**Q** 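One structure follows; several queries about it will come next.
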2 protein chains.
Amino acid sequence: MMMNKQAAILIVGNEILSGRTRDKNAYFLACALKEIGVLVKRIVVIPDVIGQIATEVNTLRHAFDYVIVCGGIGPTPDDVTRPAVALAFGVPCEPHPEAVRILHDYYKERVSARRLVMAELPRAAALIPNPNTGAPGFAVENVFVLPGIPELVESMFAHVAAQLAHAPFVELEFPVALAESEFADVMDAAVARFPAVEIGSYPSCSAGQWCCVLVVKGADAAQVQAAKAWLHAAITARAEAMREGH
Amino acid sequence: MMMNKQAAILIVGNEILSGRTRDKNAYFLACALKEIGVLVKRIVVIPDVIGQIATEVNTLRHAFDYVIVCGGIGPTPDDVTRPAVALAFGVPCEPHPEAVRILHDYYKERVSARRLVMAELPRAAALIPNPNTGAPGFAVENVFVLPGIPELVESMFAHVAAQLAHAPFVELEFPVALAESEFADVMDAAVARFPAVEIGSYPSCSAGQWCCVLVVKGADAAQVQAAKAWLHAAITARAEAMREGH
């Protein structure tokens, strides 16, 4: 069975930490990575501070198969992710010839020294094309760097996904009409019975009504199906027993 | 001048990492903390794994004035945040007499051993009242632990906020009708001129139209006002010069 690769997402941005902007990128990336069976195991949001970004990139790239970084690759002084990633890898941040060409083609006579700052990348970075606004993202080894603007992240991610190892991963869920405490022991039994399957219970409240969703997931589709069927039958039996007052 | 305290937010939940659920709590907390001048400097999302939670809590509680933890304090087997925080502090996780009493009062004859699991807390924890569903959150030293359900987090946060040190913090912003590269040098000058003020530029795209917002913030209201006025005047002059073709 193919193993699922594990990824971390690093969001760089004071505007997320301050609550000025509600992050969309971590959620988009978590969903998009799960689609291809890459499992996100850590999300970190940090300020636009060069040393912190470099330290975090180095921690994450050694701990995970892939690191997806979003934010801070524009031309203003608060955009420091490009030199920070260069620092993390111990390479110079310098004009990338292909990125320079792309920016010249995109801006034509409006190209400027300031705009060309966006072509200063860690040496030997591979480019991630940006079909909307020219300035590319880039990858160094297992670190993929995208802008912070969600529309751009979404349009650029397909190019990243194509470079990652895909593997099957199945997630099933069903609603439960009991309180968590009324079926938690059934979950205990399922956890013991299906060790390769991850099982979670998610209560939520909508318009004053509480409900609960059980989520069953894993790399082995047959095991996930079996665990779901077993849990569903056991919880249905529990609900009937409770209705009959046992 | 009062110093702003710094906080980290720790979100515990497989459902956030997998993209099943879009996190609301980090955004809510970032906004609510900024309201009282507590500055969020790190947000981390990790799985429901007891050792990882304990390690992360210990890292964050030593690095920040406050740590707000959300998620994993219910009664199902994937709820491991209570014992994890006890592990982090090296204290037993045991029935908390006041929490036990609260759950008895809330559930009355429906109380059960399973429900009482939610009263097993790190020894000497202080309770955070839960006006909606009984089961309290808790605090140990500078670590405040809340549930994962956003409605509960929002109703319980006021009690946490009352225990944190409040301080002034001002954030101003204004829209700019230029591309970032056209005023980035003005930002450089402002950064040099107002070192105590944080300045950020946030481009966004709405219905195909690009616009940019400049954000100016800091603890010293007079400095923030001055920086905003200076930047606004300088960028307005730049825009006029560009219109006249200089």
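Every heavy atom of this structure was used, including side-chain atoms; hydrogens, water molecules and symmetry mates were not. All figures in this text were calculated on a predicted structure; none of them were measured in a lab. We name chains A, B, ... by the order of the sequence lines, and we start the count at 1 in each one.
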**Q** Using a 4.5 angstrom heavy-atom cutoff, name the option from A/Lys34, A/Arg42, A/Glu173 with the most pairs to chain B.
**A**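 Option with the greatest count: A/Arg42.
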**Q** Heavy-atom distance under 4.5 Å to chain A: side chain of B/Glu15, backbone, both or neither?
**A**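 Contact with chain A: backbone and side chain both.
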**Q** Roughly how far, to the nearest 0.5 Å, is the CD atom of A/Glu154 from the CZ atom of A/Phe28?
**A**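 So the CZ of A/Phe28 and the CD of A/Glu154 are separated by 5.0 Å.
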**Q** Has A/His166 got a side-chain atom pairing as donor or acceptor with A/Ala161's backbone, closer than 3.5 angstrom?
**A**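 Yes; at least one donor-acceptor contact below 3.5 Å.
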**Q** Using side-chain heavy atoms (C-beta onward) and a distance below 4.5 Å, is A/Lys228 in contact with A/Glu171?
**A**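 No; the side chains remain at least 4.5 Å from each other.
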**Q** Heavy-atom distance under 4.5 Å to chain A: side chain of B/Thr133, backbone, both or neither?
**A**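 For B/Thr133, the contact with chain A is made by the side chain alone.
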**Q** So which part of B/Lys24 gets closer than 4.5 Å to some heavy atom of chain A, the side chain, the backbone, both or neither?
**A**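 It is both, since atoms from each part get that close.
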**Q** Mind ranking A/Asp23, A/Val40, A/Ile9 by heavy-atom pairs under 4.5 Å with chain B and telling me who comes out on top?
**A**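 Heavy-atom pair counts peak at A/Val40.
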**Q** Give, as side chain, backbone, both or neither, the part of B/Leu39 having an atom under 4.5 angstrom from any heavy atom of chain A.
**A**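 B/Leu39 has no heavy atom closer than 4.5 Å to chain A.
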**Q** For chain B, find which of A/Leu152, A/Leu29, A/Asn14 contributes the most heavy-atom pairs closer than 4.5 angstrom.
**A**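 Option with the greatest count: A/Asn14.
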**Q** Could you check whether any side-chain N or O of B/Tyr106 sits under 3.5 Å from a backbone N or O of B/Asn132, counting only pairs where one atom can act as donor and the other as acceptor?
**A**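 Yes, because the side chain of B/Tyr106 sits within donor-acceptor range (under 3.5 Å) of the backbone of B/Asn132.
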**Q** Quick one: of B/Val213, B/Leu17, B/Val191, B/Ile11, who has the most non-hydrogen atom pairs under 4.5 Å with chain A?
**A**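 The candidate making the most pairs under 4.5 Å is B/Leu17.
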**Q** Need one label for B/Val215: side chain, backbone, both or neither, based on atoms under 4.5 Å from any heavy atom in chain A.
**A**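 Side chain of B/Val215 only, per the 4.5 Å heavy-atom cut-off to chain A.
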**Q** Could you look at B/Glu35 and say if it's the side chain, the backbone, both or neither that has a heavy atom under 4.5 Å from chain A?
**A**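 The answer is neither part of B/Glu35.
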**Q** Please answer whether the main-chain N or O of A/Gly74 pairs with a side-chain N or O of A/Arg82 as donor and acceptor at a distance below 3.5 Å.
**A**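 Judged by distance alone, yes, a pair lies under 3.5 Å.
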**Q** Select, from A/Arg114, A/Arg22, A/Glu182, A/Met187, the one with the greatest count of heavy-atom pairs under 4.5 Å involving chain B.
**A**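 Maximum pair count with chain B is reached by A/Arg22.
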**Q** Less than 4.5 Å to any heavy atom of chain A: does that hold for the side chain of B/Pro203, its backbone, both, or neither?
**A**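 Answer is both: backbone and side chain atoms of B/Pro203 are under 4.5 Å from chain A.
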**Q** Which bit of B/Ile199 is near chain A, if near means a heavy-atom gap under 4.5 Å: side chain, backbone, both or neither?
**A**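 Backbone of B/Ile199 only, per the 4.5 Å heavy-atom cut-off to chain A.
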**Q** Using a 3.5 Å distance criterion without hydrogens, assess whether the side chain of B/Asp78 forms a donor-acceptor pair with backbone atoms of A/Ser201.
**A**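 Yes; at least one donor-acceptor contact below 3.5 Å.
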**Q** Is the side chain of B/Asn130 donor-acceptor paired with the backbone N or O of B/Met156 at a distance under 3.5 Å, no angle test?
**A**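 Answer holds: no.
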**Q** Do the non-hydrogen side-chain atoms of A/Asp48 and A/Asp79 ever get within less than 4.5 Å of each other?
**A**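 SC-SC contact between A/Asp48 and A/Asp79 ruled out.
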**Q** Between chain A and each of B/Met118, B/Glu56, B/Arg110, B/Gln52, count heavy-atom pairs under 4.5 Å; write down the option with the most.
**A**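 Looking at each option in turn, the highest pair count goes to B/Glu56.
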**Q** Do A/Thr81 side-chain atoms and A/Ile73 backbone N/O form a donor-acceptor pair below 3.5 Å?
**A**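 The answer is no, because no donor-acceptor pair under 3.5 Å joins these two groups.
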